[in-house]
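Single-structure report; data block below.
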Amino acid sequence: MKRSEKFVQANREAKATWIALALVILFWYAAGFGLENSTVEFFHTPIWVIGGCIGTWLFAVFVCWVLVLCFDYGWLQLHLEVPCCRRPAD
């Protein structure tokens, strides 16, 4: 993959990540504040606490999983050679 193609792909992934963040925030708002008038409790804990905390965390994990499935991160080289970090030759 050429350098310009990598930048296009990185921008596409960044936009998808912003959309995923917006979805998680909307879910958190709906699960937390949307359930605040509910009288349902689970182990003496109001359902809005479970939905706003645990439900949001599970939804965020699901959204990250979808992002990983939708994008091929094989182009990303994690072992980059940085000139300032090279060891001197022996």
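The figures here come from the full heavy-atom set of this structure, side chains too, leaving out hydrogens, waters and symmetry mates.
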Excluding sequence neighbours, so at least two apart, what forms ring-ring contact (aromatic ring centres under 6.0 Å, His included) with Trp48?
-> none
Could you list the donor-acceptor pairs under 3.5 angstrom formed between side-chain atoms of residues 58-68 and any protein atom two or more places apart in sequence or on another chain?
none

Heavy-atom pair of closest approach, residues Gly51 and Ala31 | O-CB, 3.3 Å
Would you give the length of the straight line joining atom CZ of Arg12 to atom OG1 of Thr17, rounded to the nearest 0.5 angstrom?
-> 12.5 Å
Taking ring-ring contact (aromatic ring centres under 6.0 Å, His included) as the test, write out the residues that go with Phe42, two or more places apart.
-> none
Side-chain touch Trp18/Leu21, heavy atoms, less than 4.5 angstrom = yes
Rounded to the nearest 0.5 Å, what's the gap from OG1 on Thr56 to CD1 on Ile50? Could you check?
-> 12.0 Å
